[in-house]
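Everything numeric in this text was worked out from a predicted model, so none of it was measured.
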Amino acid sequence: MDKKTRLLHAMNRLPVDRPPVGFWFHFPGEEGMGEKCVAAHLAYYNSIGVDFAKVMCDNYFAYPLPKIQKASDWRQVRPLGGEHPFIRQQIERVKAVKEGLKDDMCVFYNILAPFSSIRNGSSDEMVMAHLKEDPAAVMQALEAVAEDNALIAEKAIVEGGCTGAYCNVQGGERDRMSYEQYREQITPSDRLVLDHANRFSANNILHCCGWAGVPNRLEVWQDYPAKAVNWAVFIEGMDLAEGQRFFGGKAVLGGFDNRPGGLLCTGGKEEIQAFARSLAQQVPSGLIIGADCTLPADIDRQRIQWVADAFAAQNA
């Protein structure tokens with residue numbers, strides 16, 4: 001079974017010869033920018049036997065906002081539009097990586113949640129303070145940014161040749177806001193992006209990010225429409241089988257702890273491969289083996305190959 005077929009079958013809960021495998025990390029420094037970023041992606045994906053590629057949006061985390069000082073300033077935010085360099089450069093990256101891959105595999109582009117985009121473009125503290133002071137102003141900005149993030153997803157699929165979008169959602173930490181506040185103030189912008197991506201591909205991935213190390217209210221994302229879901233198993237305390245039930249039987253992506261002290265970064269080859277095989281027993285249908293989130297950039301990439309090779313002997 002070729003890589004593309006294996007991944008699409010897993011995403012759609014069809015039979016596979018073995019679970020597909022995919023891991024990624026941020027590219028630091030100059031490798032996160034321009035042609036060097038494309039080269040770094042290709043050096044990785046063309047040398048490691050993973051089944052699909054995720055193109056990172058490194059250097060595009062901070063949305064280019066106007067100067068924001070007071071809460072009402074968020075009303076100045078307008079969509080950048082498809083020809084803005086912030087958007088065009090991301091699509092050119094996607095196209096270059098897709099064209100440079102030696103294998104015909106599925107490709108996904110990393111799409112930020114609008115809530116993440118504005119926090120990266122200003123500060124978490126400012127956004128949270130302004131949400132309390134003038135939530136309507138911040139929500140207006142979120143909608144404008146969501147239009148651009150949705151457009152990036154569309155162009156990555158239509159122009160860049162991506163299989164779909166890897167849509168990040170953040171801000172659901174239990175110590176940040178209530179379920180009701182999240183659903184009222186943040187969900188509309190999340191859904192604008194994800195719903196738009198779904199118009200152009202039936203195979204999008206939802207990533208429920210545990211970046212803060214704090215458990216999220218996963219229920220705020222439970223009904224989000226995506227073909228596969230990825231969450232922080234080791235932070236949320238919800239294993240893959242339980243999560244597959246929680247998210248309505250969708251395909252699930254993950255299983256390995258992405259943190260520096262996790263098994264993938266510290267364990268031996270036999271231990272890592274045994275754990276990978278145990279995931280396949282835990283989730284016999286709709287499993288994509290990966291990690292809770294991005295791996296450390298300095299991980300020995302041979303460790304990723306161990307996971308990719310975990311099923312080779314039994315399928316030989």
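- Partners of K4 according to the salt bridge (Lys or Arg N to Asp or Glu O under 4.0 Å) rule, which considers only residues two or more places apart in sequence or in another chain, are D104.
- Annotation: F23 is not in aromatic contact with F25 [ring centroid separation under 6.0 Å not met].
- Defined by atom type and a distance below 3.5 Å, a donor-acceptor pair is present between the side-chain atoms of Q305 and D309.
- Shown here are the side chain to side chain contact (heavy atoms under 4.5 Å, CB included) partners of R13, two or more places apart in sequence or in another chain: Q244, S285.
- Within the model, atoms CD of Q185 and CG of L131 stand 5.0 Å from one another, a figure rounded to the nearest 0.5 Å.
- Note on ring orientation: taking the six-membered ring where Trp is involved, the planes of F275 and F234 are tilted (angle from 30° to 60°).
- If you take CG on N110 and CD on Q90, they are separated by 9.5 Å, rounding to the nearest 0.5 Å.
- M56 CE to H41 NE2: the interatomic distance, rounded to the nearest 0.5 Å, is 6.5 Å.
- The closest side-chain donor-acceptor pair between Y45 and W24, if any, does not fall under 3.5 angstrom.
- With hydrogens and angles left out, the side-chain atoms of E271 and W306 include no donor and acceptor closer than 3.5 Å.
- Considering only heavy atoms from C-beta on, V169 stays 4.5 Å or farther from C209 through its side chain.
- Counting heavy atoms from C-beta on, the side chains of I118 and W74 come closer than 4.5 Å.
- One finds a salt bridge joining K70 and D73 here, because a Lys/Arg side-chain nitrogen approaches an Asp/Glu carboxylate oxygen to under 4.0 Å.
- A salt bridge links R174 to E219: at least one charged side-chain nitrogen sits closer than 4.0 Å to a carboxylate oxygen.
- Linking ILVMFWY side-chain heavy atoms closer than 4.5 Å, directly or via other members, places W221 and Y179 in a single hydrophobic cluster.
- The closest side-chain heavy-atom distance from D257 to V233 is not below 4.5 Å.
- A tilted orientation is assigned to the rings of F247 and W231, their planes being inclined by 30° to 60°.
- The number of heavy atoms from other shown groups lying within 6.0 Å of CD (E35) does not exceed 12.
- Residue M33 holds its CE atom at 9.0 Å from CD of Q89, rounded to the nearest 0.5 Å.
- Hydrophobic cluster membership differs between F27 and W211, with clusters built from Ile, Leu, Val, Met, Phe, Trp and Tyr side chains linked at under 4.5 angstrom.
- In this structure, I288 and R6 have side chains that are not in contact, with every pair of non-hydrogen atoms separated by 4.5 Å or more.
- A donor atom on one side chain and an acceptor atom on the other are found under 3.5 Å apart for Y166 and N230.
- A salt bridge links R18 and D51; the closest N-O separation between the charged side-chain nitrogens and carboxylate oxygens is under 4.0 Å.
- When side chains are defined from C-beta on, H207 does not count as touching Q170, because their heavy atoms never get closer than 4.5 Å.
- Of the inter-residue distances, the one linking M238 atom CE with N216 atom CG reads 11.0 Å to the nearest 0.5 angstrom.
- S117 and N149 share a side-chain donor-acceptor pair at under 3.5 Å.
- A donor-acceptor pair under 3.5 Å is absent between the side-chain atoms of R301 and the main chain of D298, judged by distance alone.
- Contact check on E30 versus K36 returns a salt bridge, with a Lys/Arg side-chain nitrogen under 4.0 Å from an Asp/Glu carboxylate oxygen.
- Residues F61 and H26 place their aromatic rings such that the two centres sit under 6.0 Å apart.
- Contact annotation: the side chain of M128 never approaches that of E133 to less than 4.5 Å [non-hydrogen atoms, C-beta and beyond].
- Other cluster members for F200: I157, V158, joined by side-chain heavy-atom distances under 4.5 Å among Ile, Leu, Val, Met, Phe, Trp and Tyr.
- A heavy-atom distance below 4.5 Å is not found between the side chains of D292 and F256.
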Chi angles and distances behind the ring pair (Phe, Tyr, Trp, His ring centres under 6.0 Å) call for F86, Y63: CA-CA 8 Å; F86 181 78; Y63 187 88; 5.7 Å; yes

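- Taking 4.0 Å as the cut-off between side-chain N and carboxylate O, R88 and E92 count as a salt-bridged pair.
- Separating the CG atom in L8 from the NZ atom in K227 is a distance of 8.5 Å, to the nearest 0.5 Å.
- No salt bridge links D239 with R245; every basic N to acidic carboxylate O contact stays at or beyond 4.0 Å.
- Between L112 and V193, every side-chain heavy-atom pair lies at or beyond the 4.5 Å cut-off.
- Side-chain polar atoms of T187 and D190 form no donor-acceptor pair below 3.5 angstrom.
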